[in-house]
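First up is the structure itself, then whatever we jot down about it.
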Amino acid sequence: MREHNLTEGNIIKTLLFFAVPFLIANILQSLYGAVDLFVVGKYCAAESVAAISTGTQVTQIVTSLATGLTLGGTILIGQYTGSRDNVRVKQTIGTMLTVFAVFALILTALMLGFERQLLTLLQTPAESFELTMQYVAVCSAGNLFICGYNALSAVLRGYGDSTRPMIFVGVACVLNIVLDLLFVAVFGLGVAGTALATVISQAVSMCIAIVYLKKKDFIFDFRLKSFRPVKEIAVRLAKVGIPISFQELMVRISFLYLAAVMNGCGVYAAAVVGISSKYDVFAMLSATSMASALAAITAQNMGAGKPERARQSLWYGMGFALFVSCLFFLWAQVSPQSMIRVFADETNIVKAGIPFFRSCSYDYIMVAMVFCLNGYLNGRQKTVWTMVSCSAGALLLRIPMVYLFGNYFADDLGRLGMIAPIVSGIMAFYTLVYVLCENRSFRRREKAAGTV
């Protein structure tokens, strides 16, 4: 199985060929939580909807940490692939998979040990507290599979292959839908059934990926002796991946704080935030997918000594992400009630959600710019900047605004919904300025070195 070269050919064609399977895979992966919420919303009470909403906010911490750390692997593998260093590619894969297995087990122990305290901090409504406990406990047991799948996908994407991860997650998504309906609609397992369906689906996805790659002529053989971490590679993975993971964690914590404030407004407000978060994921999929694609493409092109091609990919990718995000923005402005009713028909939830959806949907546009710019910077290993940028946005902007708005406009969901787009707009501005300045500085260094 050969690597896919992202450093040659038409830029737009290469970008879309790599990014579209990425987008489809992310859409399918996002269906996990959406299907959970949809099935529970149709067959269970509002308390169960709120439990899934809050529980998903917690489990997304794991996904964010895994995605951030594995993106570091994608970047390193992309750079080594671009420079044709196959030995380093193999060492990076072995190191990353080993480290992630240990990380997943530690994370599982922590989540199971401090689950009740975390849900208490989130002000989880009393009516849905025990149900939320069930959801988080079952999902935590599947951390190894979440980390394993994300690590394998990161390896393949760094290698230039975004199609196979799409196929693997597609199989898992179909299985998740079937199991959701079976466990909830047929067996009546409720919230615990949706969590169990998700864990089983992710386990199957990871196992299928390993079996498939072992049967193919993949660069890594998955033998026990190959799972030996190389200290130098582990340090590089940490330097690149930890800042990305930390920024994801800070962003997630700030959204957890928002969820805690909304939970304090009652079960209907909590349900609205949960439903909105599902649309946030889908509306921003083009941006998140393009950001991850840009990280891999930029890494390969920087490794191959083609920085201008990486810069051009950024602008094309951002244009595509903005176009798709605007479609969801228009839907939220024209008919927010139709978006809410996809997941819940209860009148009180729909009424509470309309102003929140209309205001928070501005974030779809702002965040498309932020994600693409950060993806490009991550590919250039400017991960310390993206960490500082996202952490500042979370800790210095979003959390203080949630506190202020929560105290003065607690009953106005429309104003609470404006927090995210205001923060993202500020972040988009200063990140764009940084990228333009950094590109200009990089060109001057290239010219001085005689490489252009």
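Sequential numbering from 1 along the given sequence is applied to the chain's residues. Just so we're clear, the structure is a prediction, and the values are computed from it rather than from any experiment.
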(request) Compare all side-chain heavy atoms of Leu196 with those of Leu179 and state whether any distance is below 4.5 angstrom. (result) no

(request) Determine whether Leu15 and Ile297 make a side-chain contact, defined as any pair of heavy atoms from C-beta on separated by less than 4.5 Å. (result) yes

(request) Supply the atom-to-atom distance Leu131 CG to Leu119 CG, rounded to the nearest 0.5 angstrom. (result) 11.5 Å

(request) Starting at CG of Leu110, measure out to CG of Leu105 and round the result to the nearest 0.5 Å. (result) 11.0 Å

(request) Output the distance between atom CH2 (Trp385) and atom CG (Leu377), rounded to the nearest 0.5 Å. (result) 8.5 Å

(request) Measure the shortest side-chain to side-chain distance between Leu322 and Met318 over non-hydrogen atoms and say whether it is less than 4.5 angstrom. (result) yes

(request) Give the C-alpha distance, both sets of side-chain angles, the deciding distance and a yes or no for side chain to side chain contact (heavy atoms under 4.5 Å, CB included) between Val171 and Ser205. (result) CA-CA 7 Å; Val171 172; Ser205 178; over 6 Å; no

(message) Testing the basics here: between Gly193 and Phe183, what is the closest heavy-atom pair and its distance to 0.1 Å?
(response) O-CD1, 3.4 Å

(message) With side chain to side chain contact (heavy atoms under 4.5 Å, CB included) as the criterion, how do Arg358 and Ile354 come out once you've worked through the C-alpha distance, each side chain's angles and the decisive distance to 0.1 Å?
(response) CA-CA 6 Å; Arg358 282 207 170 110; Ile354 289 175; 3.5 Å; yes

(request) Return the minimal non-hydrogen interatomic distance between Ala287 and Val367, and the atom names on each side. (result) CB-O, 4.3 Å

Donor-acceptor pairs under 3.5 angstrom involving side-chain atoms of residues 426-433: please list them, not counting sequence neighbours.
| residue | atom | partner | partner atom | Å |
| --- | --- | --- | --- | --- |
| Tyr430 | OH | Ser389 | O | 2.9 |
| Thr431 | OG1 | Met427 | O | 2.7 |

(message) Using side-chain heavy atoms (C-beta onward) and a distance below 4.5 Å, is Leu314 in contact with Thr298?
(response) no

(message) According to side-chain contact (heavy atoms from CB on, under 4.5 Å), who are the partners of Met166, at least two apart in sequence or on a separate chain?
(response) Pro21, Ile24, Ala25, Thr163

(message) Quick check on Phe328: does its CZ atom have over 12 non-hydrogen neighbours (other residues, nucleotides or ligands) under 6.0 Å away?
(response) yes

(request) Could you go through the side chain to side chain contact (heavy atoms under 4.5 Å, CB included) check for Val39 and Leu181 one step at a time? (result) CA-CA 7 Å; Val39 173; Leu181 292 171; 4.1 Å; yes

(message) Taking the side chain as everything from C-beta on, heavy atoms only, tell me whether Leu327 gets closer than 4.5 Å to Tyr364.
(response) no

(message) Just so I know, are the side chains of Leu294 and Ser313 near enough to count as touching, which here means a heavy-atom distance under 4.5 Å?
(response) yes

(request) Please list, chain by chain and in numerical order, all residues satisfying ring pair (Phe, Tyr, Trp, His ring centres under 6.0 Å) with Phe187, sequence neighbours excluded. (result) none

(request) Using the test ring pair (Phe, Tyr, Trp, His ring centres under 6.0 Å), find all partners of Phe145 that sit at least two apart in sequence or belong to another chain. (result) none

(request) Check whether more than 12 heavy atoms from other residues, nucleotides or ligands sit under 6.0 Å from atom CZ of Phe103, and answer yes or no. (result) yes

(message) Can you tell me which residue among Arg309, Arg380, Lys306 is in a side chain to side chain donor-acceptor pair (under 3.5 Å) with Asn301?
(response) Arg309

(message) To the nearest 0.5 Å, what is the distance between OG on Ser140 and CZ on Phe114?
(response) 13.0 Å

(message) I need the Met133 CE to Leu118 CG distance, nearest 0.5 Å.
(response) 10.5 Å

(request) Could you grab the distance from atom OG of Ser48 to atom OH of Tyr135, nearest 0.5 Å is fine? (result) 12.0 Å

(request) May I ask you to test the Leu152-Pro165 pair for a side-chain heavy-atom distance under 4.5 Å? (result) no

(request) State whether the side chain of Asn176 and the backbone N or O of Ala172 hold a donor-acceptor pair below 3.5 Å, judged by distance alone. (result) no

(request) For residues Cys139 and Val199, report the shortest heavy-atom separation together with the two atoms involved. (result) CA-CG2, 3.9 Å

(request) Heavy atoms only: give me the nearest Ala51-Thr132 pair and the separation to one decimal. (result) CA-OG1, 3.3 Å

(request) Go through the steps to decide whether Ile422 and Tyr362 satisfy the test side chain to side chain contact (heavy atoms under 4.5 Å, CB included), and finish with yes or no. (result) CA-CA 9 Å; Ile422 290 173; Tyr362 285 93; over 6 Å; no

(request) Compare every heavy atom of Thr108 with every heavy atom of Ala141, then report the nearest pair and how far apart it is. (result) CA-CG2, 4.4 Å

(request) Would you mind listing every side chain to side chain donor-acceptor pair (under 3.5 Å) that reaches into residues 327-338, with sequence neighbours excluded? (result) Trp331-Ser338, Gln333-Ser361, Ser335-Ser338

(request) Taking the side chain as every heavy atom from C-beta outward, state whether Ile365 and Cys326 have any atom pair closer than 4.5 Å. (result) yes

(request) Return each pair, listed once, that meets side chain to side chain donor-acceptor pair (under 3.5 Å) where at least one residue sits in residues 181-196; pairs must be two or more places apart or across chains. (result) none

(message) Can you tell whether the side chains of Arg311 and Glu438 come within less than 4.0 Å, N to carboxylate O?
(response) no

(message) Can you give me the closest heavy-atom contact between Gln117 and Gly113, atom names plus distance?
(response) OE1-O, 3.9 Å

(message) Ignoring hydrogens and geometry beyond distance, is a side-chain donor-acceptor pair present between Asp363 and Ser424 at under 3.5 Å?
(response) yes

(message) Is the ring pair Tyr212/Phe168 parallel, tilted or perpendicular, if the boundaries are 30 and 60 degrees?
(response) perpendicular

